[in-house]
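Here the structure comes first, spelled out in structure tokens, and everything after it is commentary.
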Amino acid sequence: MAPLEDLERDYPIIDSNFRMFCASHGIFTDTDFLLHDLSALEAFARQDYAPDKLEQGIKQMISIIESGQRPWLNGVELLEDSQLNKCTLSTGCEGIDILLQGGLREGHVTELVGPSCSGKTQICLKSASHVARNSLGKVVYFDTGNSFSPKRVAQFLSLLSDPSATQTNKAVERDMSSIVCHSVFDIFTLLDMLRQLMNNLRSQISFQVRMLIIDSLSSLIAPVLGGGGAHGHALMATAGFLLKEIAHESNLCVVVTNHMVAGEAGMLKPALGESWKSIPHVRLLLSGKYSATGTRITILKHPYLVCPSQKKLLMSILQYWHPLRMKASGKSADFVVL
Amino acid sequence: MDVSSLPISASQRGKLISAGYASLSSISSLSPSRLALDLKISENEAVEILKVASGRSGGQDKIESGSCAIVNGAQTAWDMLHEEEYSKCITTSCSNLDEILGGGIHCKEVTEIGGVPGIGKTQLGIQLAVNVQIPADYGGLGGKAVYIDTEGSFMVERVLQIAEACAQDMLEYNALLQRDSQACLVDTQPKSFLDNIFYFRVCTYTEQIAVINYLEKFLSEHTDVKVVIVDSITFHFRQDFEDMALRTRLLSGMALKLMKLAKKFNLAVVLLNQVTTKFKEGSFQLTLALGDSWAHAATNRIILYWNGNERHAFIDKSPSLPSASSPYTVTGRGIRNSTSNCKRVKLM
């Protein structure tokens, strides 16, 4: 909330006269202006010796404040926006795509939670390569643990492409050039980068970023969370809201990974605590080590899909030489992805 | 845009907010003397705060130049792939182990190696500290090593022994290829291996954190250091730590700093860890110490275990390597391939 002096630079009507008038009513910043009774202020302005300038000043202040707000939207506009702008991106893992009825949705922040070695980074790499291949857009990957492996991405891409095509190498080069990776090692740098990204996406439309992956957000927040102060929680909430804003405004799909910590009775629970639970739109839980038999993925939270305990999916990535394939076994609710 | 997302101390933040400055835009146009007056701090502190704030709000400006960087300093995956192809690994002197590791210990990554006592973790650490010094002509990195010892298990006599064996191996290799001895001058004095290992001994956890904080400055002065070995990372954090939440915060902060060092100075970080038992699914299992949150801190994880009478290494976590295990032995010359004692071929 800026003091009134700073506004004079851009709006010369807020001159010293106007500021003295406001100061006489105890208004020094735009927050004070909002809190004050505006009709009473206007009445005082009319009684002043230079009523026009003061009234113009008041109107200018009101318009400055209103321009900082978001516009009101109605349900029809939101539905249109959701149908036209926000499509689903396939992750490349058929099991997840079926579970999520299409894949990851643009405009949603999806969280992958799981214990160590459950396949979170692998899903991120696989989705990045799939989106780079199939969509005409870029993928931004923020890596906190130096676990972005270009070798693995190249493997995924070469498995995706048609073996008969002669242009495989060129295609791999083109797709890998659309995946942009940056290493981030503390939460402040991440917030900076996210703001920079948001500004760049707003100003330059040619970037066409489709997916933003942060692997892993919990290792950035863990050093600041707790310790008696609320600052860590504030940073976590700021990061979460910034991600949701980027996802909605620029029609991106945001994927975030989280790890697990010990909870009661020796069970594992997701890290980052209770206040984080409400921030992502979709939460997926991976359980167990990935292996030939598969990993379970459960939906913990979703805005419109039902999450009963039966809708679990067995999924497996890995096998170094085998691509992610799917095999249906038995009843419809269980799928084994090999 | 918010003052709470500036990396400044809590007291400075509190003073800023109570003086009415809640957003970056409100302090960006201030002079240091005005800020110092408002917050009742020294002018130096005010200059520091404004420097941090201007560093942040600089990113708000639009990119005028033609550079199409979505995020400053990012690299495309294609460039990273090429960089990776040219990077070398640190060999462990055991070809089986090198095979499952994809060549050896990779640079720019943090590798955690854990195992029961006596399995050979310190031996592996010392072997890596010696092997990193193998010159580039012999396929090594030709770099120096930093060894942070928390347990006091670093024996100089053993390092000399391993260095002598390494020098002998290099001479043999030289002879095998019948190279011109002048073309590759290798300093075969084992003592020169000792010269290139920087040794830090830490006795408490605060010293450990202090050394890791100091490492950034140290590494920018000694740019030829290619491996940082911490033996072991757990020792000071396991006993007498009452506040578990503090321990988690310290460990995750330390892990991020090490990751940053690995990436920034293009070196390998090797962390040696101990094991503990955990009650899981109705039975006691051996897992690496320091809990679940530390498990995510390393890029790669290797677990050393006994299989019958043989030592084995198992890749537990890696972004690009499949899970595999291989045997190895600890000999007088260091870590080597294990040769089976059995003369007969076993029919499986």
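Any value given below was found using the heavy atoms of this structure, including those in side chains, with hydrogens, waters and symmetry copies removed. Lettering follows sequence order; numbering is per chain, from 1. A quick note: this is a predicted structure, and the numbers were derived from the prediction, not measured.
With respect to chain A, the highest number of heavy-atom pairs below 4.5 Å among B/Arg13, B/Lys108, B/Met80 belongs to B/Arg13. With chain A as the partner, the residue from B/Val110, B/Asn300, B/Asp243, B/Thr299 showing the most heavy-atom pairs under 4.5 Å is B/Thr299. Taking chain A as the reference chain and counting heavy-atom pairs below 4.5 Å, the highest number among B/Ala77, B/Ala297, B/Ala10, B/Ala255 is found for B/Ala77.
The CE atom of A/Met176 sits 8.5 Å away from the NE2 atom of B/His82 when rounded to the nearest 0.5 Å. Note that CE of B/Met259 is 9.5 Å distant from OG of A/Ser183, once rounded to the nearest 0.5 Å. In this structure, the separation between CG on B/Asp79 and CD on A/Glu173 is 9.0 Å, given to the nearest 0.5 Å. In this structure, CD in A/Gln155 is found 8.0 Å from OG in B/Ser320, a value given to the nearest 0.5 Å. Atom CG in B/Leu251 sits 13.0 Å away from atom OG in A/Ser219 (nearest 0.5 Å).
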Decide yes or no on side chain to side chain contact (heavy atoms under 4.5 Å, CB included) for A/Ser218 and B/His296, but give the supporting numbers first.
-> CA-CA 10 Å; A/Ser218 49; B/His296 299 267; over 6 Å; no

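B/Thr76 contributes no side-chain N or O that, together with a main-chain N or O of A/Val180, makes up a donor-acceptor pair within less than 3.5 Å.
The two residues B/Ser293 and A/His259 have their closest heavy-atom pair at CB-NE2, 3.6 Å. A pairwise comparison of heavy atoms in A/Pro150 and B/Glu84 identifies CD-OE2, 3.3 Å as the closest pair.
Atom CD of B/Glu83 sits in a crowded spot, with more than 12 heavy atoms from other residues, nucleotides or ligands closer than 6.0 Å. Residue-environment remark: NZ (B/Lys263) exceeds the threshold of 12 foreign heavy atoms within 6.0 Å. Around the CZ atom of B/Arg238, the shell of radius 6.0 Å holds more than 12 heavy atoms that belong to other residues, nucleotides or ligands. More than 12 heavy atoms of other residues, nucleotides or ligands shown are found within 6.0 angstrom of CZ on B/Phe241.
Of the atoms belonging to B/Thr248, not a single heavy atom falls under 4.5 Å from chain A. Proximity to chain A (any heavy atom under 4.5 Å) is shown, for B/Ala295, by both the backbone and the side chain. For B/Gln75, the parts sitting under 4.5 Å from any heavy atom of chain A are the backbone and the side chain alike.
Only one option out of A/Asp175, A/Val172, A/Val153, A/Ile179 pairs with B/Trp78 in a side chain to side chain contact (heavy atoms under 4.5 Å, CB included); it is A/Val172.
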